[in-house]
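Proteins come first, then strands; the chains are lettered A, B, ... in the order of their sequence lines, and each starts at number 1.
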Amino acid sequence: MATGIRDKVAIIGMGCTKFGERWDVGAEELMLEAFEECIQDSGIDRREIRAAWLSTCFDNIGVGKSALPLSVTLRLPFISATRVENFCAGGTEAFRGAVYAVASGAYDVALAMGVEKLKDIGYGGLPDFGAHLGALSRLIQPNITAPGAFAQLASAYGAKHKIEAGDLKRAMAHVSVKSHANGVLNPKAHLRKVITEDQVMAAPIVAHPLGLFDCCGVSDGAACAIVTTVERALDLGRKEIVSVKALQLALSSGEEMGFNDWDGDHFMTTSNCSTAAYQEAGIIDPREEIGMLELHDCFSITELVTYEDLHISERGGAVEDVMDGFFDRDGKIPCQIDGGLKCFGHPIGASGLRMLYEMYLQLLGRAGSRQLDNPKYGLTHNLGGFPAMNVCSIAIVGRYGRTGRDHQAARAASP
Amino acid sequence: MIGITSYGGYIPKLRLDRMSIYRQMGWLAPATVMLAQGERSCCNYDEDSITMAVAAARDCLAGMDKRRVGALYLCSTTLPFADRQNASIVKSALNLPDEIETGDMTSSQKAGTSALLAAMAMVKGDLEKQVLVAAADRRQTRSSSFYEMWFGDGAAALLLGSENVIAEFLGGHSISHDFVDHYRGEGRRFDYTWEERWVRDEGYSKFVPEVVAGLFKKLNISIADVDRVVYPCFFRAEHKKIAKRLGVSGKKVADNLHEACGDTGTAHPLVMLVAALERAEPGQRILVVGFGQGCDAIYFKVTDAIESLPQRIGIRGSLAKKKELRSYPKFLQFRELIQTEKGIRAEETAQTSLSMLWRKHKMVLGLVGGKCTRCGTPQYPRQEICVNPECKAVRSLEDYEFADRPAHVKMYTGDYLAFSVDPPAKYGLVQFDDGGRFFADFTDCELEDIFVGQPVSLSFRKRYADRERGFTGYFWKAVPYDSVPAGE
């Protein structure tokens with residue numbers, strides 16, 4: 001009987017580059033930059049890494065296929081290394097590979113690396129998806145872009161919950177305003193600028209109703225993690241250990257695309273994935289037990305509906321929570337504390353690991369001016385693909401031996 | 001009795017006010033003002049002769065048993081493929097049976113009437129029970145030419161057979177002359193044309209009366225036996241003069257549609273004939289003439305059955321459903337007559353896998369999905385395992401046509417980042433009322449015309465053009481109903 005991943009694996013080192021338009025460097029430099037921080041943080045000898053997973057999405061304009069770009073760049077001779085690609089869930093997928101390798105007992109130490117060099121394509125936005133969705137879809141699919149794919153959620157969400165377009169747009173604007181405020185505090189973030197709701201509302205439309213500030217940054221960057229067993233982490237003399245509480249993936253089975261039950265207003269995958277993750281982590285009430293969120297805020301509307309699919313906001317209630325500041329820095333569950341995809345940036349293959357990086361720093365009290373008081377369980381979420389057909393990944397991390405309810409009790413007990 | 005058993009018509013929704021051409025280009029071509037009356041029809045950027053022929057044929061086949069169509073002829077001088085039978089694309093889009101004869105009739109403006117004569121001969125000789133003839137043209141002209149003013153885009157379709165005949169075929173006659181009023185050499189984009197006066201005086205004015213006289217002699221009838229004459233001639237004054245020469249006038253002469261849509265080339269005699277049939281009463285005798293390297297003349301007599309033919313959109317309906325293309329540069333852009341910046345994103349065109357296209361031709365060209373024989377769920381595409389999460393039956397699907405089923409918008413956007421010839425790229429999830437859904441482009445509309453719940457119909461359109469390899473990909477797009485009030 002499967003017992004899940006909770007508290008079986010510890011993160012002992014993490015690294016993350018500055019995200020942004022890194023015109024002067026390529027994937028190789030980015031990977032090394034993240035790795036140097038990570039290996040130093042871990043305190044282990046790099047020769048101990050015997051298995052690695054590399055996540056990158058747009059291989060044709062980036063590093064090419066296979067995990068060779070990782071083993072060659074870092075000069076990791078004759079280790080087992082695997083490339084994973086699962087759209088935007090790739091970074092978390094690489095992490096999952098490393099965590100499972102350790103949990104299985106096959107390896108003591110494993111590396112997860114995510115990297116994306118996007119700013120070598122010559123135009124704004126993500127590379128054209130057309131040819132990457134398979135030869136058949138090219139014949140029949142509209143020229144869907146990422147903003148266009150997710151923008152449709154707004155039309156369906158508004159129709160389903162009878163929310164005026166203007167009210168929804170305002171709440172979406174607040175989502176971005178909050179992330180920009182957080183991004184300002186993060187020296188590694190791509191976009192570091194305070195914006196106002198009115199600015200967001202007045203920005204040029206990219207894909208109706210999403211304007212420029214409803215869309216995340218398209219960035220270059222890399223992030224990585226070194227994981228090991230809890231025992232090994234204790235041997236290394238760690239007092240506070242960040243351990244994995246849950247790791248879940250959920251993929252569409254084509255139901256949203258082909259069966260008329262789905263109303264286009266939410267993510268069926270996320271809704272199921274989060275339930276499984278809470279069960280794995282032993283979480284009963286996420287609204288109380290989750291302390292911080294790094295969501296896949298590729299677009300403001302994605303973040304807004306995801307609050308509901310994580311069962312934190314009521315169905316149709318996200319707009320109210322957003323406007324109440326529930327997810328702001330000083331709200332009940334701070335979200336995108338590092339700026340999120342919106343401001344930290346979104347190098348596809350690295351994003352899942354970048355989110356874990358922030359959780360890791362927060363849990364160890366190393367987040368500098370962004371540090372939250374007594375952070376509880378942190379949840380990261382990725383959504384790759386399109387609302388109607390996608391890959392959702394969720395990771396929950398926390399301090400080893402503590403639950404979200406422990407933190408809650410501790411906070412309640414403190415004067 | 002043999003003859004026409006059904007008709008259909010299609011004029012693209014977009015119209016360009018001819019004065020707007022003159023206003024933009026009159027400085028260069030001042031004489032075009034003489035032709036600047038009314039408006040010309042123009043294809044949207046995603047329409048061509050194939051898509052228009054499909055639209056007209058669907059109109060023609062509405063309520064008819066298409067499984068009984070034995071042959072299909074596509075008539076046009078502007079077919080997208082020089083070698084790949086264009087008619088077979090139309091056949092796939094219409095989901096006509098595989099046991100069918102298909103053919104392209106091309107290279108002359110009279111190809112449409114020639115196909116009618118050939119079809120009548122086939123039915124008469126009992127080689128086929130029903131023959132579908134579709135004619136369409138989207139003629140390319142240089143900016144600021146007279147022809148840009150004269151021509152329009154459009155299509156018509158006729159079903160010929162021996163049961164429920166609405167217009168009896170009483171005879172036909174043809175003449176052939178290598179009279180080169182214009183020509184287009186292989187690989188050329190535009191026609192080369194000779195002086196209009198000569199075309200008018202030595203061409204239309206002589207050949208139309210010549211073929212009519214031949215037909216009358218053959219059938220032993222006279223102009224007194226004709227209630228309506230239908231012949232194309234884009235010279236307005238000459239069109240009238242020919243009537244006088246034939247001995248008819250007034251309402252007996254079918255309008256050449258110059259002001260309504262322009263001359264639709266190979267389709268035009270059929271377009272005008274459909275327009276005449278829309279107003280025809282039982283007993284009316286119609287003479288149709290096609291012109292191009294000689295002439296064809298065909299003589300029909302309308303029967304009582306015309307009154308029981310279900311209402312068609314036809315030429316009248318499509319002329320009423322119009323939307324003004326307010327910008328002449330947009331017209332030029334849609335016809336690729338100006339070079340505009342499209343961005344690197346537009347460069348991305350994947351190769352079309354021909355083996356896959358064949359494997360999926362029903363799905364892609366015919367919009368055929370599946371219906372589960374276990375749970376009854378219609379679904380697109382047709383896949384191996386039923387999409388209904390409560391069913392999941394394996395290999396339980398049978399073919400199910402979606403193109404004519406009622407549908408509405410479920411979610412949508414207007415995307416300015418995506419490459420589009422007519423930005424924003426408008427697309428979204430289209431849901432069929434009886435089950436099934438797919439992501440579709442919206443066309444013939446503005447973003448403001450689309451909302452969740454908006455009913456749509458489906459239209460066969462160009463999906464992409466692979467210029468590198470000279471391939472055009474076709475698929476189905478959604479058109480919001482009543483996005484423009486009829487007759488705006």
Side-chain angles (χ1 to χ4, degrees), chain A residues 121-160 165 204-212 215 253-265 268 301 386-389, chain B residues 343-353 356-357 359-360 363-364 369 377-381 383 385-389 392 409-420 424-429 431-432 435-442 447 450-453 463-464 473-477:
Chain A
I121 58 169
Y123 55 94
L126 287 180
D128 188 70
F129 272 101
H132 306 284
L133 296 174
L136 179 60
S137 79
R138 186 74 195 182
L139 304 188
I140 61 170
Q141 285 268 14
N143 294 344
I144 292 176
T145 66
F150 287 88
Q152 296 172 60
L153 278 171
S155 67
Y157 183 88
K160 170 119 178 176
I205 295 294
V206 175
H208 178 82
L210 303 179
L212 187 62
C215 308
S253 65
E255 187 179 329
E256 303 96 308
M257 280 287 269
F259 194 61
N260 287 9
D261 273 6
W262 179 63
D263 284 327
D265 61 310
M268 288 179 75
I301 187 65
F386 304 125
M389 175 96 78
Chain B
I344 298 178
R345 218 171 261 283
E347 292 171 13
E348 180 83 27
T349 309
Q351 186 185 40
T352 305
S353 167
M356 186 176 63
L357 180 62
R359 202 162 59 241
K360 301 285 187 188
M363 168 193 169
V364 176
T377 303
Q379 48 204 282
Y380 186 88
Q383 291 179 319
I385 302 179
C386 175
V387 74
N388 178 356
K392 290 183 186 166
V409 177
K410 194 70 188 167
M411 61 202 294
Y412 72 96
T413 190
D415 186 342
Y416 286 95
L417 184 63
F419 164 66
S420 171
K426 297 164 278 287
Y427 54 83
L429 183 60
Q431 178 156 307
F432 294 94
R437 46 169 56 174
F438 77 115
F439 278 94
D441 286 301
F442 296 104
L447 181 58
I450 309 167
F451 56 88
V452 175
R463 165 84 264 289
Y464 61 90
Y474 296 88
F475 189 52
W476 293 79
K477 295 189 181 184

Of the backbone (N, CA, C, O) and the side chain (C-beta and beyond), which part of [X] lies under 4.5 Å from a heavy atom of chain B, both, or neither?
X	result
A:Asp263	both
A:Leu210	neither
A:Ala149	backbone

Using a cut-off of under 4.5 Å for heavy-atom pairs, which of [options] has the most such pairs with chain A?
options	result
B:Pro378, B:Gly436, B:Pro424	B:Gly436
B:Tyr427, B:Tyr416, B:Tyr474	B:Tyr427
B:Ala418, B:Cys386, B:Gly414, B:Ser353	B:Gly414

Q: Could you look at B:Ile385 and say if it's the side chain, the backbone, both or neither that has a heavy atom under 4.5 Å from chain A?
A: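 Contact with chain A: none, neither part.
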Q.
Heavy-atom cut-off 4.5 Å, strictly under: side chain, backbone, both or neither for B:Phe475 against chain A?
A.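 Contact with chain A is through the side chain of B:Phe475 alone.
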Q | Qualifying residue, where the test is side-chain contact (heavy atoms from CB on, under 4.5 Å) with A:Leu139 and the options are B:Lys360, B:Met356, B:Met363 | A |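 Exactly one pass, corresponding to B:Met356.
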Q | side-chain contact (heavy atoms from CB on, under 4.5 Å) evaluation trace for B:Tyr412 with A:His208 | A | CA-CA 9 Å; B:Tyr412 72 96; A:His208 178 82; 4.2 Å; yes
Q. What option among A:Ala156, A:Gly258, A:Ala388 has the most heavy-atom pairs under 4.5 Å with chain B?
A.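 So the answer, after comparing A:Ala156, A:Gly258, A:Ala388, is A:Gly258.
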Q: Name the option with the most non-hydrogen atom pairs under 4.5 Å to chain B; the candidates are A:Leu153, A:Ile140, A:Asp261.
A: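 That would be A:Ile140.
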If I take atom [atom1] from residue [X] and atom [atom2] from residue [Y], how far apart are they, to the nearest 0.5 angstrom?
X	Y	atom1	atom2	value
B:Gln383	A:Met257	CD	CE	9.0 Å
B:Asp415	A:Asn143	CG	CG	9.0 Å
B:Leu417	A:Leu126	CG	CG	8.5 Å
B:Arg463	A:Gln141	CZ	CD	8.5 Å
B:Arg345	A:Ile121	CZ	CD1	6.0 Å

(Q) Can you list everything that forms a side chain to side chain contact (heavy atoms under 4.5 Å, CB included) with B:Phe451? Sequence neighbours excluded, please. (A)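 Once residues adjacent in sequence are excluded, the partners of B:Phe451 under the side chain to side chain contact (heavy atoms under 4.5 Å, CB included) criterion are B:Gln454.
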Q: Return yes if some donor-acceptor pair links the side-chain N/O of B:Arg437 with the main-chain N/O of A:Glu256 below 3.5 Å, else return no.
A: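 Such a contact is found between B:Arg437 side chain and A:Glu256 backbone.
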Q) Can you find a pair of side-chain heavy atoms, one from B:Phe439 and one from A:Gln152, that are under 4.5 Å apart? A)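 Yes; the side chains approach each other to less than 4.5 Å.
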(Q) I want to check something: taking the side chain as every heavy atom from C-beta on, are B:Thr377 and A:Asn260 in contact at a cut-off of under 4.5 Å? (A)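 A side-chain contact is absent here, since even the closest heavy-atom pair is not under 4.5 Å.
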Q | Derivation and outcome, side-chain contact (heavy atoms from CB on, under 4.5 Å), residues A:Trp262 and B:Met411 | A | CA-CA 11 Å; A:Trp262 179 63; B:Met411 61 202 294; 3.9 Å; yes
On a heavy-atom basis, which atom in [X] and which in [Y] lie closest, and how many Å separate them?
X	Y	value
B:Ala440	A:Pro142	C-CG, 3.7 Å
A:Gly254	B:Val387	O-CG2, 3.5 Å
B:Val452	A:Ser155	CG2-O, 3.5 Å

